[in-house]
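What follows is a short report on a single structure.
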Amino acid sequence: MTFQSPKGTYDLLPPASERVLAVREALAAPVRQAGYGYVETPTFEDTELFKRGVGESTDVVSKEMYTFDDKGGRSLTLRPEGTASVVRAVLQHNLHNGQLPVKLWYSGSQYRYERAQKGRYRHFWQVGAEALGAEDPALDAELVALAWRGFASLGLKGVTLLLNSLGDQVCRPVYRAALQDFLRGLDLDEATRARIEINPLRVLDDKRPEVQEQLEGAPLVADHLCAACKAYHEEVRTLLTALGVPFTDEPKLVRGLDYYTRTTFEFVHGGLGSQSAVGGGGRYDGLSEMLGGPALPSVGWALGVDRTYLAMEAEGLLDEAPAARVQVYGVPLGEEARRRMFLLVEELRAAGLRVDMAFGGKGLKGAMKGADRSGARFALILGERDLAAQAVQVKDLTTAEQTEVPLAQVSDVLKGKLQ
RNA sequence: GUGGGUGUAGCUCAGUUGGCAGAGCGCCAGGUUGUGGUCCUGGAUGUCGGGGGUUCAAGUCCCCUCACUCACCCCA
(Lines give C-alpha, C1' and ligand atoms only; values in the text may rest on other atoms or scores of the structure.)
Protein backbone atom coordinates (compact mmCIF):
# COMPACT_ATOMS: atom_id res chain seq x y z
CA MET A 1 0.00 0.00 0.00
CA THR A 2 1.41 3.35 -1.02
CA PHE A 3 -0.78 5.76 0.88
CA GLN A 4 -3.07 5.54 3.84
CA SER A 5 -5.48 7.91 5.46
CA PRO A 6 -3.76 10.43 7.77
CA LYS A 7 -3.20 9.54 11.40
CA GLY A 8 -6.35 9.75 13.43
CA THR A 9 -8.66 9.71 10.41
CA TYR A 10 -10.54 6.89 8.77
CA ASP A 11 -12.58 6.12 5.70
CA LEU A 12 -16.25 5.29 5.83
CA LEU A 13 -17.02 2.48 3.40
CA PRO A 14 -20.18 0.63 2.44
CA PRO A 15 -22.18 -0.67 4.14
CA ALA A 16 -21.17 1.21 7.32
CA SER A 17 -21.06 4.50 5.44
CA GLU A 18 -24.71 4.15 4.48
CA ARG A 19 -25.62 3.72 8.11
CA VAL A 20 -23.59 6.71 9.17
CA LEU A 21 -25.43 8.72 6.56
CA ALA A 22 -28.71 7.52 8.05
CA VAL A 23 -27.53 8.45 11.56
CA ARG A 24 -26.69 11.95 10.40
CA GLU A 25 -30.10 12.34 8.84
CA ALA A 26 -31.88 10.98 11.90
CA LEU A 27 -30.06 13.38 14.24
CA ALA A 28 -30.94 16.33 12.02
CA ALA A 29 -34.56 15.35 11.40
CA PRO A 30 -36.04 16.70 14.67
CA VAL A 31 -34.49 20.17 14.30
CA ARG A 32 -35.53 20.40 10.67
CA GLN A 33 -39.03 19.46 11.70
CA ALA A 34 -38.87 22.22 14.31
CA GLY A 35 -38.12 24.81 11.64
CA TYR A 36 -34.38 25.27 12.08
CA GLY A 37 -32.76 26.43 8.83
CA TYR A 38 -29.71 24.77 7.32
CA VAL A 39 -26.42 26.66 7.40
CA GLU A 40 -23.09 25.76 5.87
CA THR A 41 -19.94 27.57 6.81
CA PRO A 42 -16.35 27.06 5.61
CA THR A 43 -14.39 24.22 7.15
CA PHE A 44 -11.63 26.72 7.94
CA GLU A 45 -11.83 30.14 9.50
CA ASP A 46 -9.61 32.94 10.69
CA THR A 47 -7.60 31.44 13.54
CA GLU A 48 -8.51 34.38 15.74
CA LEU A 49 -12.20 33.43 15.57
CA PHE A 50 -11.56 30.24 17.51
CA LYS A 51 -9.06 31.80 19.87
CA ARG A 52 -11.57 34.46 20.84
CA GLY A 53 -14.68 32.34 20.57
CA VAL A 54 -13.67 29.00 22.00
CA GLY A 55 -11.16 30.46 24.44
CA GLU A 56 -7.38 30.50 24.61
CA SER A 57 -7.40 28.63 27.89
CA THR A 58 -9.10 25.59 26.43
CA ASP A 59 -7.18 22.53 25.30
CA VAL A 60 -9.01 22.72 22.00
CA VAL A 61 -7.39 26.05 21.20
CA SER A 62 -4.11 25.71 23.04
CA LYS A 63 -3.04 22.39 21.57
CA GLU A 64 -5.62 20.76 19.33
CA MET A 65 -6.05 23.11 16.39
CA TYR A 66 -4.97 22.49 12.84
CA THR A 67 -3.56 25.92 12.08
CA PHE A 68 -1.72 26.98 8.94
CA ASP A 69 -0.79 30.07 6.98
CA ASP A 70 -2.22 30.42 3.48
CA LYS A 71 -0.27 31.90 0.60
CA GLY A 72 -1.50 35.35 1.49
CA GLY A 73 -0.02 35.09 4.97
CA ARG A 74 -3.39 34.69 6.71
CA SER A 75 -3.52 32.37 9.70
CA LEU A 76 -6.34 29.92 9.16
CA THR A 77 -7.59 27.00 11.25
CA LEU A 78 -9.64 23.95 10.39
CA ARG A 79 -12.72 24.29 12.53
CA PRO A 80 -12.52 22.36 15.82
CA GLU A 81 -16.21 22.94 16.52
CA GLY A 82 -19.16 24.58 14.85
CA THR A 83 -20.68 27.19 17.10
CA ALA A 84 -18.11 29.96 16.63
CA SER A 85 -18.49 29.73 12.85
CA VAL A 86 -22.27 29.89 13.03
CA VAL A 87 -22.21 32.94 15.29
CA ARG A 88 -19.68 34.57 12.97
CA ALA A 89 -21.92 33.91 9.96
CA VAL A 90 -24.96 35.29 11.75
CA LEU A 91 -23.12 38.48 12.70
CA GLN A 92 -21.48 38.86 9.29
CA HIS A 93 -24.81 38.65 7.46
CA ASN A 94 -26.81 40.51 10.09
CA LEU A 95 -29.28 37.69 10.52
CA HIS A 96 -29.79 38.90 14.08
CA ASN A 97 -31.35 42.11 12.77
CA GLY A 98 -34.40 40.12 11.76
CA GLN A 99 -36.78 38.25 13.95
CA LEU A 100 -35.25 36.47 16.90
CA PRO A 101 -34.29 33.82 17.69
CA VAL A 102 -32.37 32.85 14.60
CA LYS A 103 -32.57 29.08 14.45
CA LEU A 104 -29.97 27.21 12.45
CA TRP A 105 -28.60 23.71 12.14
CA TYR A 106 -25.51 22.34 10.46
CA SER A 107 -23.79 19.07 9.68
CA GLY A 108 -20.16 18.61 8.86
CA SER A 109 -16.59 17.72 9.61
CA GLN A 110 -14.64 19.01 12.57
CA TYR A 111 -10.90 18.73 13.17
CA ARG A 112 -8.87 18.44 16.32
CA TYR A 113 -5.23 17.47 16.58
CA GLU A 114 -5.39 14.78 19.24
CA ARG A 115 -4.05 11.31 19.86
CA ALA A 116 -6.68 9.06 18.40
CA GLN A 117 -8.45 6.36 20.36
CA LYS A 118 -11.85 4.75 20.31
CA GLY A 119 -14.48 7.44 19.78
CA ARG A 120 -11.92 10.21 19.39
CA TYR A 121 -10.46 11.07 16.02
CA ARG A 122 -8.68 13.97 14.38
CA HIS A 123 -11.49 14.26 11.88
CA PHE A 124 -15.03 13.66 13.04
CA TRP A 125 -18.56 14.58 12.15
CA GLN A 126 -21.11 16.60 14.05
CA VAL A 127 -24.68 17.65 13.60
CA GLY A 128 -25.29 20.89 15.41
CA ALA A 129 -28.15 23.26 16.15
CA GLU A 130 -28.14 26.80 17.46
CA ALA A 131 -30.89 29.22 18.51
CA LEU A 132 -29.49 32.73 18.68
CA GLY A 133 -30.81 35.93 20.16
CA ALA A 134 -33.31 34.88 22.79
CA GLU A 135 -33.04 34.34 26.50
CA ASP A 136 -35.84 31.93 27.13
CA PRO A 137 -35.63 28.71 29.14
CA ALA A 138 -38.11 27.16 26.74
CA LEU A 139 -35.51 27.47 24.01
CA ASP A 140 -32.97 25.57 26.09
CA ALA A 141 -35.57 22.91 26.81
CA GLU A 142 -36.60 22.72 23.17
CA LEU A 143 -33.09 22.08 21.96
CA VAL A 144 -32.42 19.46 24.59
CA ALA A 145 -35.67 17.74 23.72
CA LEU A 146 -34.89 17.78 19.99
CA ALA A 147 -31.53 16.14 20.57
CA TRP A 148 -33.12 13.63 22.88
CA ARG A 149 -35.66 12.77 20.19
CA GLY A 150 -32.89 12.32 17.64
CA PHE A 151 -31.16 9.72 19.79
CA ALA A 152 -34.45 8.04 20.63
CA SER A 153 -35.44 7.81 16.97
CA LEU A 154 -32.36 5.70 16.33
CA GLY A 155 -33.48 3.23 18.96
CA LEU A 156 -30.83 4.16 21.50
CA LYS A 157 -31.75 3.22 25.05
CA GLY A 158 -28.51 3.93 26.89
CA VAL A 159 -28.23 7.67 26.42
CA THR A 160 -28.23 9.66 29.66
CA LEU A 161 -28.79 13.40 29.80
CA LEU A 162 -26.67 15.32 32.29
CA LEU A 163 -27.76 18.82 33.19
CA ASN A 164 -26.20 21.71 35.01
CA SER A 165 -26.09 25.50 35.15
CA LEU A 166 -22.82 27.43 35.12
CA GLY A 167 -24.28 30.75 36.19
CA ASP A 168 -23.81 34.06 34.46
CA GLN A 169 -21.61 37.17 34.58
CA VAL A 170 -23.08 38.04 37.94
CA CYS A 171 -22.70 34.83 39.92
CA ARG A 172 -19.99 32.93 38.09
CA PRO A 173 -17.08 35.16 39.20
CA VAL A 174 -18.12 34.75 42.83
CA TYR A 175 -18.34 31.01 42.46
CA ARG A 176 -15.09 30.91 40.54
CA ALA A 177 -13.26 32.63 43.38
CA ALA A 178 -14.78 30.28 45.95
CA LEU A 179 -13.79 27.28 43.88
CA GLN A 180 -10.26 28.55 43.42
CA ASP A 181 -9.90 28.96 47.19
CA PHE A 182 -10.97 25.38 47.66
CA LEU A 183 -8.81 23.95 44.88
CA ARG A 184 -5.66 25.73 45.96
CA GLY A 185 -5.77 23.75 49.18
CA LEU A 186 -5.69 20.38 47.39
CA ASP A 187 -2.77 18.14 46.54
CA LEU A 188 -2.67 18.35 42.75
CA ASP A 189 -0.08 18.03 40.01
CA GLU A 190 1.44 21.09 38.43
CA ALA A 191 -0.68 21.09 35.26
CA THR A 192 -3.85 20.94 37.30
CA ARG A 193 -2.71 23.68 39.67
CA ALA A 194 -2.06 25.87 36.66
CA ARG A 195 -5.59 25.13 35.49
CA ILE A 196 -6.97 26.41 38.81
CA GLU A 197 -5.80 29.88 37.88
CA ILE A 198 -6.82 29.77 34.22
CA ASN A 199 -10.04 27.79 34.16
CA PRO A 200 -10.84 26.38 37.60
CA LEU A 201 -14.22 24.94 36.61
CA ARG A 202 -12.57 22.42 34.37
CA VAL A 203 -10.75 20.86 37.28
CA LEU A 204 -14.14 19.53 38.34
CA ASP A 205 -14.22 17.57 35.12
CA ASP A 206 -11.02 15.64 35.88
CA LYS A 207 -11.71 11.93 35.70
CA ARG A 208 -8.76 10.71 37.72
CA PRO A 209 -9.96 9.01 40.92
CA GLU A 210 -7.29 10.63 43.10
CA VAL A 211 -8.55 14.02 41.94
CA GLN A 212 -12.22 13.16 42.23
CA GLU A 213 -11.70 11.98 45.82
CA GLN A 214 -10.34 15.37 46.78
CA LEU A 215 -13.22 17.10 45.05
CA GLU A 216 -15.66 15.75 47.63
CA GLY A 217 -17.02 18.79 49.35
CA ALA A 218 -15.96 21.22 46.65
CA PRO A 219 -18.22 24.24 46.32
CA LEU A 220 -20.83 23.64 43.61
CA VAL A 221 -22.18 26.15 41.13
CA ALA A 222 -25.68 25.18 42.07
CA ASP A 223 -25.14 26.65 45.55
CA HIS A 224 -23.81 29.92 44.17
CA LEU A 225 -26.34 30.72 41.45
CA CYS A 226 -27.86 34.16 41.61
CA ALA A 227 -31.63 34.46 41.82
CA ALA A 228 -32.02 35.02 38.09
CA CYS A 229 -29.89 32.02 37.13
CA LYS A 230 -31.58 29.86 39.69
CA ALA A 231 -35.04 30.73 38.41
CA TYR A 232 -33.95 30.24 34.83
CA HIS A 233 -32.47 26.83 35.56
CA GLU A 234 -35.54 25.74 37.52
CA GLU A 235 -37.71 26.64 34.55
CA VAL A 236 -35.56 24.59 32.19
CA ARG A 237 -35.82 21.64 34.54
CA THR A 238 -39.57 22.06 34.88
CA LEU A 239 -40.09 22.17 31.13
CA LEU A 240 -37.94 19.11 30.51
CA THR A 241 -39.83 17.23 33.16
CA ALA A 242 -43.13 18.27 31.60
CA LEU A 243 -41.89 16.99 28.24
CA GLY A 244 -40.96 13.69 29.79
CA VAL A 245 -37.28 14.08 28.97
CA PRO A 246 -35.40 12.37 31.78
CA PHE A 247 -32.27 14.13 33.03
CA THR A 248 -29.74 13.80 35.79
CA ASP A 249 -28.51 16.86 37.66
CA GLU A 250 -24.73 16.82 37.40
CA PRO A 251 -23.37 19.72 39.47
CA LYS A 252 -19.81 19.05 38.29
CA LEU A 253 -20.64 19.15 34.58
CA VAL A 254 -18.64 22.06 33.19
CA ARG A 255 -17.62 21.19 29.61
CA GLY A 256 -14.43 22.24 27.94
CA LEU A 257 -15.25 25.36 25.98
CA ASP A 258 -15.09 28.79 27.56
CA TYR A 259 -18.19 30.31 26.09
CA TYR A 260 -20.82 28.40 28.04
CA THR A 261 -23.05 30.18 30.53
CA ARG A 262 -26.09 29.04 32.50
CA THR A 263 -27.54 25.89 31.01
CA THR A 264 -25.04 23.19 30.08
CA PHE A 265 -25.84 19.63 29.21
CA GLU A 266 -24.23 16.54 27.91
CA PHE A 267 -25.62 13.32 26.45
CA VAL A 268 -23.48 10.44 27.60
CA HIS A 269 -23.32 6.77 26.65
CA GLY A 270 -21.31 3.86 27.97
CA GLY A 271 -20.42 2.27 24.66
CA LEU A 272 -17.76 4.67 23.48
CA GLY A 273 -14.67 3.18 25.01
CA SER A 274 -13.06 5.72 27.26
CA GLN A 275 -15.11 8.56 25.84
CA SER A 276 -18.56 9.26 27.15
CA ALA A 277 -20.21 12.17 25.38
CA VAL A 278 -22.32 11.53 22.29
CA GLY A 279 -23.42 15.14 22.32
CA GLY A 280 -23.33 18.26 24.35
CA GLY A 281 -24.08 21.91 24.43
CA GLY A 282 -25.48 24.74 26.39
CA ARG A 283 -26.15 28.41 26.56
CA TYR A 284 -23.53 30.90 25.42
CA ASP A 285 -24.92 34.31 26.21
CA GLY A 286 -21.60 36.13 25.92
CA LEU A 287 -20.14 34.62 22.77
CA SER A 288 -21.50 37.16 20.31
CA GLU A 289 -19.97 40.00 22.29
CA MET A 290 -16.66 38.16 22.52
CA LEU A 291 -16.69 38.12 18.73
CA GLY A 292 -17.41 41.81 18.50
CA GLY A 293 -21.15 41.55 18.03
CA PRO A 294 -24.09 42.81 20.06
CA ALA A 295 -25.51 40.98 23.05
CA LEU A 296 -27.05 37.85 21.58
CA PRO A 297 -27.99 35.33 24.23
CA SER A 298 -28.03 31.94 22.55
CA VAL A 299 -28.15 28.23 23.13
CA GLY A 300 -27.04 25.28 21.03
CA TRP A 301 -25.62 21.81 20.87
CA ALA A 302 -23.49 19.52 18.78
CA LEU A 303 -24.03 15.78 18.46
CA GLY A 304 -21.22 13.44 17.44
CA VAL A 305 -22.26 11.45 14.41
CA ASP A 306 -19.53 8.85 14.60
CA ARG A 307 -19.90 8.55 18.37
CA THR A 308 -23.61 8.01 17.98
CA TYR A 309 -22.80 5.27 15.51
CA LEU A 310 -20.49 3.65 18.09
CA ALA A 311 -23.22 3.88 20.70
CA MET A 312 -25.62 2.13 18.34
CA GLU A 313 -23.05 -0.54 17.66
CA ALA A 314 -22.62 -1.07 21.40
CA GLU A 315 -26.37 -1.52 21.79
CA GLY A 316 -26.50 -4.06 18.99
CA LEU A 317 -28.66 -1.82 16.82
CA LEU A 318 -26.51 -2.46 13.75
CA ASP A 319 -26.60 -6.24 13.81
CA GLU A 320 -29.19 -6.79 11.12
CA ALA A 321 -28.04 -7.20 7.55
CA PRO A 322 -27.86 -3.92 5.69
CA ALA A 323 -30.56 -3.09 3.19
CA ALA A 324 -30.25 -4.39 -0.36
CA ARG A 325 -28.36 -2.11 -2.74
CA VAL A 326 -30.90 -2.53 -5.52
CA GLN A 327 -34.22 -4.20 -6.21
CA VAL A 328 -33.53 -5.49 -9.70
CA TYR A 329 -30.36 -6.79 -11.36
CA GLY A 330 -29.79 -7.27 -15.07
CA VAL A 331 -28.04 -10.38 -16.41
CA PRO A 332 -27.30 -10.04 -20.12
CA LEU A 333 -25.97 -12.86 -22.32
CA GLY A 334 -23.92 -11.77 -25.31
CA GLU A 335 -23.20 -8.41 -26.91
CA GLU A 336 -26.58 -7.74 -28.44
CA ALA A 337 -28.37 -8.52 -25.21
CA ARG A 338 -25.89 -6.38 -23.28
CA ARG A 339 -26.79 -3.32 -25.34
CA ARG A 340 -30.51 -3.97 -24.92
CA MET A 341 -30.13 -4.59 -21.19
CA PHE A 342 -28.24 -1.33 -20.77
CA LEU A 343 -31.26 0.50 -22.18
CA LEU A 344 -33.71 -1.55 -20.16
CA VAL A 345 -31.87 -0.78 -16.92
CA GLU A 346 -32.04 2.94 -17.58
CA GLU A 347 -35.72 2.63 -18.48
CA LEU A 348 -36.45 0.89 -15.20
CA ARG A 349 -34.49 3.50 -13.24
CA ALA A 350 -36.48 6.24 -14.93
CA ALA A 351 -39.58 4.41 -13.75
CA GLY A 352 -38.32 4.74 -10.18
CA LEU A 353 -36.83 1.33 -9.52
CA ARG A 354 -33.42 0.73 -7.98
CA VAL A 355 -31.56 -1.22 -10.63
CA ASP A 356 -28.04 -2.41 -11.40
CA MET A 357 -26.68 -4.87 -13.98
CA ALA A 358 -23.64 -7.04 -14.59
CA PHE A 359 -20.72 -5.16 -16.14
CA GLY A 360 -17.37 -6.32 -17.33
CA GLY A 361 -18.41 -9.05 -19.73
CA LYS A 362 -19.05 -11.65 -17.07
CA GLY A 363 -20.48 -15.03 -18.00
CA LEU A 364 -23.93 -16.06 -16.92
CA LYS A 365 -22.76 -17.68 -13.71
CA GLY A 366 -20.72 -14.67 -12.71
CA ALA A 367 -23.53 -12.30 -13.58
CA MET A 368 -25.98 -14.33 -11.49
CA LYS A 369 -23.56 -14.16 -8.57
CA GLY A 370 -23.57 -10.42 -9.03
CA ALA A 371 -27.35 -10.48 -8.89
CA ASP A 372 -27.28 -12.49 -5.70
CA ARG A 373 -24.75 -10.22 -3.98
CA SER A 374 -26.55 -7.06 -4.95
CA GLY A 375 -29.38 -8.14 -2.72
CA ALA A 376 -31.83 -7.68 -5.61
CA ARG A 377 -35.18 -9.40 -5.33
CA PHE A 378 -35.37 -9.99 -9.09
CA ALA A 379 -32.84 -10.90 -11.76
CA LEU A 380 -33.62 -10.05 -15.36
CA ILE A 381 -32.06 -12.56 -17.72
CA LEU A 382 -31.77 -11.53 -21.34
CA GLY A 383 -30.20 -13.72 -24.05
CA GLU A 384 -30.59 -14.22 -27.79
CA ARG A 385 -33.65 -16.41 -27.41
CA ASP A 386 -35.34 -13.73 -25.34
CA LEU A 387 -34.37 -10.96 -27.72
CA ALA A 388 -35.95 -12.91 -30.56
CA ALA A 389 -39.12 -13.23 -28.50
CA GLN A 390 -38.95 -9.55 -27.40
CA ALA A 391 -39.13 -10.79 -23.82
CA VAL A 392 -37.00 -11.13 -20.70
CA GLN A 393 -36.79 -13.82 -18.04
CA VAL A 394 -37.81 -12.40 -14.65
CA LYS A 395 -36.42 -14.55 -11.88
CA ASP A 396 -37.48 -14.13 -8.27
CA LEU A 397 -34.22 -14.75 -6.41
CA THR A 398 -35.96 -15.59 -3.17
CA THR A 399 -38.07 -18.40 -4.64
CA ALA A 400 -36.09 -19.23 -7.82
CA GLU A 401 -39.39 -18.87 -9.67
CA GLN A 402 -38.91 -17.60 -13.22
CA THR A 403 -41.38 -16.19 -15.69
CA GLU A 404 -41.07 -14.74 -19.17
CA VAL A 405 -42.29 -11.15 -19.51
CA PRO A 406 -42.57 -9.13 -22.75
CA LEU A 407 -39.98 -6.33 -22.79
CA ALA A 408 -42.69 -3.71 -23.15
CA GLN A 409 -44.29 -4.81 -19.89
CA VAL A 410 -41.23 -5.41 -17.68
CA SER A 411 -41.44 -2.07 -15.94
CA ASP A 412 -45.09 -2.43 -14.99
CA VAL A 413 -44.74 -6.06 -13.98
CA LEU A 414 -41.75 -5.35 -11.72
CA LYS A 415 -43.42 -2.36 -10.14
CA GLY A 416 -46.42 -4.52 -9.41
CA LYS A 417 -44.34 -7.26 -7.85
CA LEU A 418 -42.28 -4.88 -5.76
CA GLN A 419 -45.22 -3.03 -4.23
C1' G B 1 2.72 15.16 24.82
C1' U B 2 2.95 10.20 28.12
C1' G B 3 2.16 4.80 28.78
C1' G B 4 0.45 -0.39 27.37
C1' G B 5 -0.82 -3.82 23.37
C1' U B 6 -0.60 -5.41 18.26
C1' G B 7 1.72 -5.66 13.16
C1' U B 8 1.96 -12.78 8.94
C1' A B 9 -2.82 -13.56 2.21
C1' G B 10 -8.30 -8.94 0.51
C1' C B 11 -10.46 -9.96 5.94
C1' U B 12 -10.02 -12.60 10.88
C1' C B 13 -6.01 -14.94 12.73
C1' A B 14 -2.56 -19.65 13.85
C1' G B 15 2.62 -20.43 13.36
C1' U B 16 5.85 -25.02 19.12
C1' U B 17 12.82 -25.22 21.90
C1' G B 18 15.09 -20.61 15.62
C1' G B 19 14.64 -25.49 10.64
C1' C B 20 10.24 -25.71 3.42
C1' A B 21 4.78 -19.66 4.69
C1' G B 22 -0.38 -21.82 7.01
C1' A B 23 -6.01 -22.13 8.22
C1' G B 24 -10.95 -20.24 7.95
C1' C B 25 -13.69 -16.71 5.39
C1' G B 26 -13.62 -13.99 0.89
C1' C B 27 -12.08 -13.96 -4.38
C1' C B 28 -11.51 -16.67 -9.27
C1' A B 29 -12.52 -21.11 -12.25
C1' G B 30 -14.87 -25.78 -13.06
C1' G B 31 -18.79 -29.42 -11.80
C1' U B 32 -23.89 -26.93 -14.83
C1' U B 33 -21.45 -24.50 -23.37
C1' G B 34 -28.89 -20.16 -20.49
C1' U B 35 -29.27 -19.63 -14.08
C1' G B 36 -27.38 -17.14 -8.12
C1' G B 37 -27.69 -18.38 -3.02
C1' U B 38 -26.44 -24.57 -0.73
C1' C B 39 -22.86 -28.60 -2.06
C1' C B 40 -18.28 -30.77 -4.40
C1' U B 41 -13.42 -30.05 -6.90
C1' G B 42 -9.46 -27.02 -8.23
C1' G B 43 -6.75 -22.25 -8.33
C1' A B 44 -4.50 -17.37 -7.43
C1' U B 45 -2.72 -13.90 -3.79
C1' G B 46 2.76 -12.70 0.99
C1' U B 47 8.44 -6.79 1.24
C1' C B 48 5.86 -12.14 7.68
C1' G B 49 5.22 -3.34 8.67
C1' G B 50 10.48 -1.27 7.50
C1' G B 51 15.90 -1.18 8.59
C1' G B 52 19.99 -3.25 11.07
C1' G B 53 22.21 -7.15 14.20
C1' U B 54 23.10 -12.38 16.20
C1' U B 55 23.13 -17.32 13.68
C1' C B 56 24.89 -22.52 9.18
C1' A B 57 19.66 -20.94 9.35
C1' A B 58 15.16 -15.56 11.84
C1' G B 59 7.94 -14.78 11.05
C1' U B 60 10.34 -16.58 15.75
C1' C B 61 16.01 -13.79 19.44
C1' C B 62 18.27 -8.46 20.07
C1' C B 63 18.36 -3.06 18.71
C1' C B 64 16.21 0.96 16.05
C1' U B 65 12.13 2.79 13.40
C1' C B 66 7.16 3.29 11.36
C1' A B 67 2.07 2.21 11.55
C1' C B 68 -2.25 0.72 13.94
C1' U B 69 -4.79 0.24 18.50
C1' C B 70 -6.23 1.03 23.61
C1' A B 71 -5.59 4.14 27.74
C1' C B 72 -3.94 8.93 30.30
C1' C B 73 -4.84 14.07 29.26
C1' C B 74 -9.10 16.36 26.93
C1' C B 75 -13.55 16.31 24.21
C1' A B 76 -18.30 15.30 20.02
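Throughout, a chain's letter reflects where its sequence line sits, starting with A, and its residues are numbered from 1.
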Look at the side chain of A:Arg195 and the base of B:C74, then say whether one donor and one acceptor between them are separated by less than 3.5 Å.
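Per atom types, no contact qualifies.
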Mark yes or no for a side-chain to base donor-acceptor pair under 3.5 Å between A:Asp372 and B:G37, with no hydrogen or angle criteria applied.
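Such a pair does not exist between side chain and base.
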Short side-chain N/O contact from A:Lys118 to OP1 or OP2 of B:A71, under 4.0 Å:
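Result: no.
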Sticking with atom [atom1], work out how far [N] lies from [M], rounded to a whole angstrom.
{"N": "B:A23", "M": "B:G46", "atom1": "P", "answer": "14 Å"}
{"N": "B:U6", "M": "B:C40", "atom1": "C1'", "answer": "38 Å"}
{"N": "B:U41", "M": "B:U32", "atom1": "P", "answer": "15 Å"}
{"N": "B:C64", "M": "B:C70", "atom1": "P", "answer": "25 Å"}
{"N": "B:A58", "M": "B:U45", "atom1": "P", "answer": "24 Å"}
{"N": "B:C25", "M": "B:G49", "atom1": "P", "answer": "25 Å"}

Here's a test of your reading of the structure: between A:Gly280 and A:Glu384, which maps to the more 5' nucleotide of RNA chain B?
A:Glu384
Both A:Arg115 and A:Ser274 contact RNA chain B. Taking the nearest nucleotide for each, which residue is further toward the 5' end?
A:Arg115
Heavy atoms only, 4.0 Å cut-off, all strands: where does [X] land among base, sugar-phosphate and nothing?
{"X": "A:Arg112", "answer": "base"}
{"X": "A:Glu114", "answer": "base"}
{"X": "A:Tyr329", "answer": "nothing"}
{"X": "A:Gln402", "answer": "base"}
{"X": "A:Gly273", "answer": "sugar-phosphate"}
{"X": "A:Ala400", "answer": "base"}
{"X": "A:Ala277", "answer": "sugar-phosphate"}

Can you tell me if [X] has over 12 outside heavy atoms packed within less than 6.0 Å of its [atom1]?
{"X": "A:Arg184", "atom1": "CZ", "value": "yes"}
{"X": "A:Tyr66", "atom1": "OH", "value": "yes"}
{"X": "A:Phe247", "atom1": "CZ", "value": "yes"}

Could you state the [atom1]-[atom2] distance from [X] to [N], rounded to the nearest angstrom?
{"X": "A:Gln117", "N": "B:U69", "atom1": "CD", "atom2": "C1'", "value": "10 Å"}
{"X": "A:Asp386", "N": "B:U35", "atom1": "CG", "atom2": "C1'", "value": "12 Å"}
{"X": "A:Leu253", "N": "B:C74", "atom1": "CG", "atom2": "P", "value": "14 Å"}
{"X": "A:Met357", "N": "B:U35", "atom1": "CE", "atom2": "P", "value": "19 Å"}
{"X": "A:Leu387", "N": "B:G34", "atom1": "CG", "atom2": "P", "value": "14 Å"}
{"X": "A:Tyr259", "N": "B:A76", "atom1": "OH", "atom2": "C1'", "value": "11 Å"}
{"X": "A:Arg120", "N": "B:C70", "atom1": "CZ", "atom2": "P", "value": "11 Å"}
{"X": "A:Met368", "N": "B:U33", "atom1": "CE", "atom2": "P", "value": "14 Å"}

Measuring from the side chain of A:Leu397 (C-beta onward, heavy atoms only), which nucleotide among B:C74, B:G36, B:U35 has the closest atom?
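Of all the options, the side chain of A:Leu397 is nearest to B:G36.
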Against the side chain of A:Asp59, the closest entry in B:C74, B:C75, B:G34 is B:C74
With ring pair (Phe, Tyr, Trp, His ring centres under 6.0 Å) as the rule and sequence neighbours excluded, what pairs involving residues 339-397 of chain A come up?
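Ring pair (Phe, Tyr, Trp, His ring centres under 6.0 Å) check on residues 339-397 of chain A returns no pairs.
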State, with a plain yes or no, whether a side-chain heavy atom of A:Leu132 is found less than 4.5 Å away from one of A:Pro101.
no
Is the shortest heavy-atom distance from the side chain of A:Met65 to the side chain of A:Thr47 under 4.5 Å?
yes
A:Asp168 with A:Arg283: basic N within carboxylate O range, under 4.0 Å:
no
Check whether A:Tyr232 forms a cation-pi arrangement with A:Arg262 (NZ or CZ under 6.0 Å from the six-membered ring centre, at most 45° off the ring normal).
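Yes, A:Arg262 and A:Tyr232 form such a contact.
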Between A:Tyr111 and A:Arg79, is there a cation-pi geometry (under 6.0 Å to ring centre, at most 45° from the normal)?
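Ring-cation test returns no.
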Please list, pair by pair, any protein nitrogen or oxygen found under 3.5 Å from a nitrogen or oxygen in nucleotides 28-30 of chain B.
unit_1: B:C28; atom_1: OP2; unit_2: A:Arg373; atom_2: NH1; d: 3.4

If a pair means Watson-Crick or G-U wobble with both distances below 3.5 Å, what does RNA chain B look like in dot-bracket form, with | marking bases paired to a different strand?
(((((((..((((.....[..)))).(((((.......))))).....(((((..]....))))))))))))....
Do A:Asp140 and A:Thr263 get their side chains close enough for a donor-acceptor pair, meaning under 3.5 Å?
yes
If we ignore hydrogens and angles and just use 3.5 Å, is the side chain of A:Trp105 paired with the main-chain N or O of A:Ala28 as donor and acceptor?
no
